[in-house]
2 protein chains.
Amino acid sequence: MSQTVDRALSILPLLAEGPADLGQVADRLDVHKSTALRLLRTLHEHGLVYRQSDQRYRLGARLIALAQEAMENLDIREIAHPHLVRLNEQCGHTVHLAVYEESEVLYIDKVESRYPVRMYSRIGKPVAITVAAVAKLLLADLPEGERRALSDKLDYPMYTSRSTPNAPAFLRELDKVREQGWATDLGGHEESINCVAAPIRGADGRVVAAMSVSAPNVVVTAEELLTLLPLVRRTADAISGEYSGRTPVKDSR
Amino acid sequence: MSQTVDRALSILPLLAEGPADLGQVADRLDVHKSTALRLLRTLHEHGLVYRQSDQRYRLGARLIALAQEAMENLDIREIAHPHLVRLNEQCGHTVHLAVYEESEVLYIDKVESRYPVRMYSRIGKPVAITVAAVAKLLLADLPEGERRALSDKLDYPMYTSRSTPNAPAFLRELDKVREQGWATDLGGHEESINCVAAPIRGADGRVVAAMSVSAPNVVVTAEELLTLLPLVRRTADAISGEYSGRTPVKDSR
DNA sequence: CAGGTGCGTTGCATTAGTTGCAATGCTCGT
DNA sequence: ACGAGCATTGCAACTAATGCAACGCACCTG
């Protein structure tokens, strides 16, 4: 809606790929160098962009600080965290918490496995939306129209042979997940990693977040992992209860 | 430098304080509501701002994802992480990694204490710059002029009776730290928490990061913590070596 | 060491893009 | 059902962003 701001913000994902110099930024934005310079300067003043010693630009520190504050404003996270820790203490595996926002699902909290073999994932990283167990739960709860529209515009990368191959299969999976009230990902993202996930609901019953337990085959088989399902669901329900009991989406200050 | 972008970016820290509606944003920016609306819309399109169900705006998910990528581009972090984990395994206490950027010091990595009593801190949070041991190391290495200028414009909040009270005291402390090559914070931030820190240097000898071990009094006394100093310094030196050996600030793609 | 290339930077005239206003639409509370 | 409060839209006025061309500077190169 605002061209100038639009251009300036387009610089951020560009720099997320790696440092770039003025010329590169100008080219990618398709604007004159002087224009790019002014935009970069403004971003710099706000600390979103940093100029390293070789004069190239990269993302700045304040961005990290802002994201931090953004997460602290998510009250589900605050409420859920102790529950996640407890679950991790009980089963030892990696525990994730994820939310859906604007066509993306991303992890907002994580408790690391206590086993030596750990899976790769990072808080803030958008998850593989077509296969992750938490993603299925979050998308399954979307209103029909939105769900269809989203499933349509998604890509369905075949991470493994068990990845969800296309939109119809995905929608079927979502229906199943919605009905049973939990979800799994059995090697659909990485061949040797399985997950079980359960939804966290707000007072109105809508799914506000999802949590999962993940473990590699070498530690426990998929069957063994599934035996944790009741525990995961109980934890999720406990979080739901606490979340609904408190002020729902209230101001945090 | 660019008014429109400047205004748009000013919205982010504002929303970091908590959700706000259009009117509040317009007021704080001192612009007309329609202007604020357009700026918010642009931020929204880029996912930096999210509109929650009650129509108020808060920081968006992509901000978190961007910050994530920003951190992954910091190669000190990549290199240091395994060392931090190993140090944590050896001593059991909380280990922090911090960098200086644009008048701020912030934590970019953390390994949690294995003791039940943990200190509060979060990756991405700017640190108490006048008292934290890592901050002293990073600032001590700044060129004279910059150091004086910065020390001058800082606030010196008295978190505890042992906090650095003012600029002259701070500069003296920095001189001491620079000379001895390590730093401490003995209850200067929180009465019962002590830290020892050591600098990580690049190939040119400049301090590029600093790491620290922190523990509360109830777990170990300050004296006991100080016995860890050689270990902390050795770890920092190991990281320095690896960092200098590799491509210094090279492109990451 | 002179000349050249590639980059970032600056001042300025043009014009496109942003602004604030006023009017409209919408939602909620009474 | 009515009104208050907020978000939203279209539009004309004008400010502020744009691209150009020229300059400065550092680094190669012959």
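Per chain, numbering begins at 1; letters A, B, ... match sequence-line order.
- Positionally, the nearest nucleotide of DNA chain D for B/G23 lies more toward the 5' end than for the other of B/G23 and B/R38.
- Under the 3.5 Å distance criterion, the side-chain polar atoms of B/S212 are left unmatched by any main-chain donor or acceptor of B/A133.
- In this structure, CZ of A/R51 is placed 13 Å from P of C/dC7, rounded to the nearest angstrom.
- Of the N and O atoms on the side chains of A/S103 and A/K153, at least one donor lies less than 3.5 Å from an acceptor on the other residue.
- Taking a cutoff of 4.0 Å between a charged side-chain nitrogen and a carboxylate oxygen, B/R147 and B/E144 qualify as a salt bridge.
- The nearest heavy atom of DNA chain C to A/Q3 and to B/S34 marks one nucleotide each, and the one closer to the 5' end goes with A/Q3.
- The CG-C1' distance, from B/D27 to D/dA7, rounds to 14 Å in whole Å.
- Taking only side-chain atoms of A/L39, from C-beta outward, the nucleotide of C/dT10, D/dG19, D/dT18 with the closest atom is D/dT18.
- Relative ring orientation between B/Y156 and B/F170 is described as perpendicular, the plane-to-plane angle rising above 60° on a 0-90° scale split at 30° and 60°.
- In this entry the distance linking CG of B/D54 with P of D/dC6 reads 13 Å, nearest Å.
- Using a 4.0 Å cut-off, some side-chain N or O of B/R41 falls inside it from OP1 or OP2 of D/dT9.
- Look at A/R7 and you won't find any side-chain N or O under 4.0 angstrom from OP1 or OP2 of C/dG17.
- For A/T4 and C/dG17, a side-chain-to-base donor-acceptor distance below 3.5 Å is absent, hydrogens and geometry of angles not being considered.
- Not one side-chain nitrogen or oxygen of A/T35 sits closer than 4.0 Å to the OP1 or OP2 atom of D/dA17.
- We find that CE of A/M1 is positioned 17 Å from P of D/dA7, with the value rounded to whole Å.
- More than 12 heavy atoms of other residues, nucleotides or ligands lie within 6.0 Å of CD in A/Q180, so this atom counts as buried by the packing criterion.
- For the pair A/S2 and A/Y57, nearest-nucleotide mapping onto DNA chain C gives the more 5' position to A/Y57.
- Between B/L22 atom CG and C/dT27 atom C1' the separation is 15 Å, expressed in whole Å.
- The distance from atom NE2 of B/H32 to atom C1' of C/dA22 is 8 Å, rounded to the nearest whole Å.
- A/D30 places its CG atom 20 Å from the P atom of D/dA17, with the value rounded to the nearest Å.
- On a pure distance criterion of 3.5 Å, no polar donor-acceptor pair joins the side chain of A/K33 and the base of D/dG19.
- B/L37 has its CG atom 15 Å from the P atom of C/dC26, to the nearest Å.
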